[in-house]
Amino acid sequence: MHVLQSETLRQLLKYLQERLPRTYKLYSIVRAIDQGKWDGLDICVDTWPNPDMVMTRKQPGHEHRAGMYLHAEYHYYIEPNSKIHSNNVGKTMFEEICDWNAIAVFRGNVGSPRTVSILREIAAKKGGLIEKQVQLTFNEEDFPDFSLMQAPALPEGFNVTSLEERDVDFVCNTCAYFQEGHTSREYVRRAINAFPSTAVRNAKGNVVCYEFTHFFGTGSGYTAPEYRGKNFTFVLYTHMQSKRLDAGYGTRQGELVLLTGFFP
């Protein structure tokens, strides 16, 4: 296993860029580290300069970036059709990189179907449990990369800002994710304070359109009915995706993600 130094990150970015959109999450993280916008993470590879596996590792003394969850989060990319698991290199990396005494979330591509079985094998040996796995599939044509688009101008009196704590009640009253009982007001408050968000406000400072980021990097949003079909949502997404990339979150473009939770 190798921990990449800062001078090799540009080479890794090229490697990840050539494999987009499968590598978008790791690409955005490495991009943010290279730009000095994210610290506290090591980038580990099985070998260099032609890795079959790339994985993040929290540096000692650094908490999870939001400072609000009691788990570790690991992002990985495994080259499809590689021998990373048949030669036990992948298993060794998971064993050495991860803190198996803490709740963890593994987020990566589904190129290797053996990944979950390997994680389950390690978890059993450590006396823990792999709780679940979730695959999220998005089509590129359904989720264009708004960060590469030019936002149209808003009408006079409207401006783009971020959500603030004073907006929590409005979000809870309009967000379908909250209304359907999937989360709590406290979760919404913490998500707004910790993760990227975007809001369009009118001349009075009232929010008419917003999106905020969830724990797994996805988002929830709302546009008031009278502002729908008038480019407000397009403006919102254009600004939001740029914020997500700058903060180290990938877009949802063509993303196929495996989320696996570990409980010690």
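Numbers here simply count residues along the sequence, with the first being 1.
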For this session: Look at R10 together with D34 and state whether they make a salt bridge at an N to O cut-off of under 4.0 Å.
Result: yes
For this session: Taking the side chain as every heavy atom from C-beta outward, state whether K126 and E121 have any atom pair closer than 4.5 Å.
Result: no
For this session: Indicate the atoms forming the closest heavy-atom contact of T8 with W48, along with that distance.
Result: O-CZ2, 3.9 Å
Exercise. Where is the tightest heavy-atom contact between T198 and L163, given as atom of each residue plus distance?
Worked result: O-CG, 4.4 Å
Exercise. Any side-chain heavy atom of M93 sitting closer than 4.5 Å to one from Y76?
Worked result: no
Exercise. Of all heavy-atom pairs between R189 and V168, which one has the smallest distance, and what is that distance?
Worked result: CA-CG2, 3.8 Å
Problem set entry | Separation of Y222 OH from T174 OG1 (nearest 0.5 Å) | 6.0 Å
Problem set entry | Interatomic spacing from CG in D42 to OG1 in T56 - rounded to 0.5 Å | 9.5 Å
For this session: Apply the test side-chain contact (heavy atoms from CB on, under 4.5 Å) to residues R57 and L41: give CA-CA distance (whole Å), side-chain angles for both, the deciding distance (0.1 Å), then the verdict.
Result: CA-CA 6 Å; R57 177 180 68 183; L41 283 180; over 6 Å; no
Exercise. Would a distance-only check, ignoring hydrogens and angles, find a side-chain to backbone donor-acceptor pair under 3.5 Å from Y15 to P51?
Worked result: yes
Exercise. How about F158 and C209: do any of their side-chain heavy atoms sit closer than 4.5 Å?
Worked result: no
For this session: In plain terms, say whether D99 and K58 are close enough for a salt bridge, that is, a side-chain N and a carboxylate O under 4.0 Å apart.
Result: no
Exercise. Do the side chains of M55 and Y74 get nearer than 4.5 Å, heavy atoms only?
Worked result: yes
Exercise. About how many Å separate CD of Q11 and CG of N50, when rounded to the nearest 0.5 Å?
Worked result: 10.0 Å
Exercise. Would E96 and K91 count as a side-chain contact (heavy atoms from CB on, under 4.5 Å) if you check the C-alpha gap in whole Å, the side-chain angles of each, and the deciding distance to 0.1 Å?
Worked result: CA-CA 9 Å; E96 292 182 355; K91 180 180 178 182; over 6 Å; no
Seminar exercise, completed: One should read off an interatomic distance between L26 CG and L12 CG, to the nearest 0.5 angstrom, of 7.5 Å
Problem set entry | From CZ (R114) to OG (S86), nearest 0.5 Å | 7.5 Å
Exercise. Under 4.5 Å between any side-chain heavy atoms of I43 and V3, yes or no?
Worked result: no
Problem set entry | Minimum side-chain heavy-atom gap I78-D52 below 4.5 Å | no
Exercise. More than 12 foreign heavy atoms under 6.0 Å from CD of E186: is that the case here?
Worked result: yes
Problem set entry | Check: T233/T223 side-chain N/O donor and acceptor closer than 3.5 Å | yes
Exercise. Does the pair D167/R201 count as a salt bridge with the N-to-O cut at 4.0 Å?
Worked result: yes
Exercise. Under 6.0 Å between the ring centres of F106 and W100?
Worked result: yes
Problem set entry | Interatomic distance, N87 atom CG to S82 atom OG [nearest 0.5 angstrom] | 8.0 Å
Seminar exercise, completed: Nearest heavy-atom approach of Y210 to V171 is OH-O, 3.4 Å
Problem set entry | Heavy-atom closest pair, residues M240 and P196 | CE-O, 3.1 Å
Exercise. Do T23 and Q17 come close enough that some side-chain heavy atom pair is under 4.5 Å?
Worked result: no
Seminar exercise, completed: Of all heavy-atom pairs linking I192 and E165, the shortest is CG2-N, 4.5 Å
For this session: Would you confirm whether D46, through its side chain, and M53, through its main-chain N or O, come within 3.5 Å as a donor-acceptor pair?
Result: yes
Problem set entry | Test side-chain hydrogen bond (donor to acceptor under 3.5 Å, both in side chains) applied to Y77 and E79, step by step | CA-CA 7 Å; Y77 170 74; E79 187 77 356; 2.9 Å; yes
Exercise. If we only count heavy atoms from C-beta on, is the R31 to L13 side-chain gap below 4.5 Å?
Worked result: yes
Exercise. Could you walk me through whether N159 and V200 pass the side-chain contact (heavy atoms from CB on, under 4.5 Å) check?
Worked result: CA-CA 6 Å; N159 63 93; V200 176; over 6 Å; no
